[in-house]
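Naming: A, B, ... by sequence-line order, numbering from 1 per chain.
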Amino acid sequence: GAVVSQHPSRVICKSGTSVKIECRSLDFQATTMFWYRQFPKQSLMLMATSNEGSKATYEQGVEKDKFLINHASLTLSTLTVTSAHPEDSSFYICSARAGAGNQPQHFGDGTRLSIL
Amino acid sequence: RKEVEQDPGPFNVPEGATVAFNCTYSNSASQSFFWYRQDCRKEPKLLMSVYSSGNEDGRFTAQLNRASQYISLLIRDSKLSDSATYLCVVNNDGGSQGNLIFGKGTKLSVKP
């Protein structure tokens with residue numbers, strides 16, 4: 001149980017392109033979904049938290065106009081990296097949680113984004 | 001002081017060895033604790049939650065010391081497949097957001 005699917009797993013594109021990443025909870029309803037970013041040899045850093053039907057809450061230093069998050073249903077959240085640049089190249093991982101804040105989060109497979 | 005600190009390792013151990021990882025956290029109000037494992041270039045996977053009374057799952061035992069703000073993970077009878085990075089994770093907010101704070105991880109390499 002608790003399967004989270006993330007798509008695509010790998011993206012390589014030119015600078016200036018916008019990239020959309022989908023995160024789906026396949027066998028449970030995710031009241032909250034999270035988006036993380038991980039640079040090489042660094043820890044996962046939370047970018048934003050989204051609750052279904054609400055605006056996402058962004059962490060300090062994360063530009064909401066650059067990283068657009070939509071959480072339209074209890075099973076789908078999307079992250080769009082707008083006008084991506086090489087410094088946005090990273091491993092982006094979503095997670096989903098059903099229920100209260102003390103429950104574990106379940107992670108998607110991650111998306112490796114490379115901007116040329 | 002970093003919110004969650006771990007020894008990065010690597011820990012290089014032979015198969016069958018017992019190995020222990022430690023982790024400290026800075027926020028005394030932290031509410032829940034987890035160990036995740038992350039394989040190279042993969043997403044983190046939940047290994048186990050950590051409870052105040054200590055808990056065991058097969059070869060894995062987790063301990064929590066709230067007074068010292070210290071968490072540990074013990075792996076007995078190490079297998080080659082245990083090779084991974086082990087992430088100590090703390091939840092600072094028991095409310096709706098549930099903000100997880102990740103340590104950088106401790107790398108384990110189990111050799112034949």
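- Here the straight-line distance linking atom NZ of K42(B) with atom OG of S9(A) works out to 8.5 Å at 0.5 Å rounding.
- Residues L46(B) and L74(B) are members of separate hydrophobic clusters, defined by side-chain heavy-atom contacts under 4.5 angstrom among Ile, Leu, Val, Met, Phe, Trp and Tyr.
- Residues F107(A) and P44(B) approach most closely at CB-O, 3.4 Å, considering heavy atoms.
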Exercise. Evaluate the side-chain hydrogen bond (donor to acceptor under 3.5 Å, both in side chains) criterion for residues Q6(A) and E43(B): first the C-alpha distance (whole Å), next the side-chain angles of each, then the deciding distance (0.1 Å), finally the verdict.
Key: CA-CA 10 Å; Q6(A) 190 172 335; E43(B) 79 282 13; over 6 Å; no
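- Cluster membership check: W35(A) does not share its hydrophobic cluster with L46(A), using side-chain heavy-atom separations under 4.5 Å among Ile, Leu, Val, Met, Phe, Trp and Tyr.
- Linking Ile, Leu, Val, Met, Phe, Trp and Tyr whenever their side-chain heavy atoms come within less than 4.5 Å leaves F28(A) and L76(A) in two separate clusters.
- For F33(B), no part lies under 4.5 angstrom from a heavy atom of chain A.
- With a 4.5 angstrom heavy-atom cutoff, I93(A) touches chain B only via side-chain atoms.
- Within 6.0 Å of atom CZ in R10(A), more than 12 heavy atoms from other residues, nucleotides or ligands are found, so the atom counts as buried in its surroundings.
- Linking Ile, Leu, Val, Met, Phe, Trp and Tyr residues whenever their side-chain heavy atoms come within less than 4.5 Å leaves M47(A) and M33(A) in two separate clusters.
- In this structure, Y70(B) places its OH atom where more than 12 heavy-atom neighbours from other residues, nucleotides or ligands lie under 6.0 Å away.
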Exercise. Please step through side-chain contact (heavy atoms from CB on, under 4.5 Å) for the pair Y36(A) and L100(B), ending with a clear verdict.
Key: CA-CA 10 Å; Y36(A) 294 84; L100(B) 292 185; 3.6 Å; yes
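- Placement of V110(B) and W35(B) within a single hydrophobic cluster is found when ILVMFWY residues are connected by side-chain heavy-atom separations under 4.5 Å, directly or transitively.
- Pairing each heavy atom of G103(B) with each of S43(A), the nearest pair is O-CB, 3.4 Å.
- The greatest number of non-hydrogen atom pairs below 4.5 Å with chain B, out of M45(A), K41(A), Q38(A), is found for Q38(A).
- Separation of atoms CZ (F91(A)) and CD (Q38(B)) is listed at 6.5 Å; rounding is to 0.5 Å.
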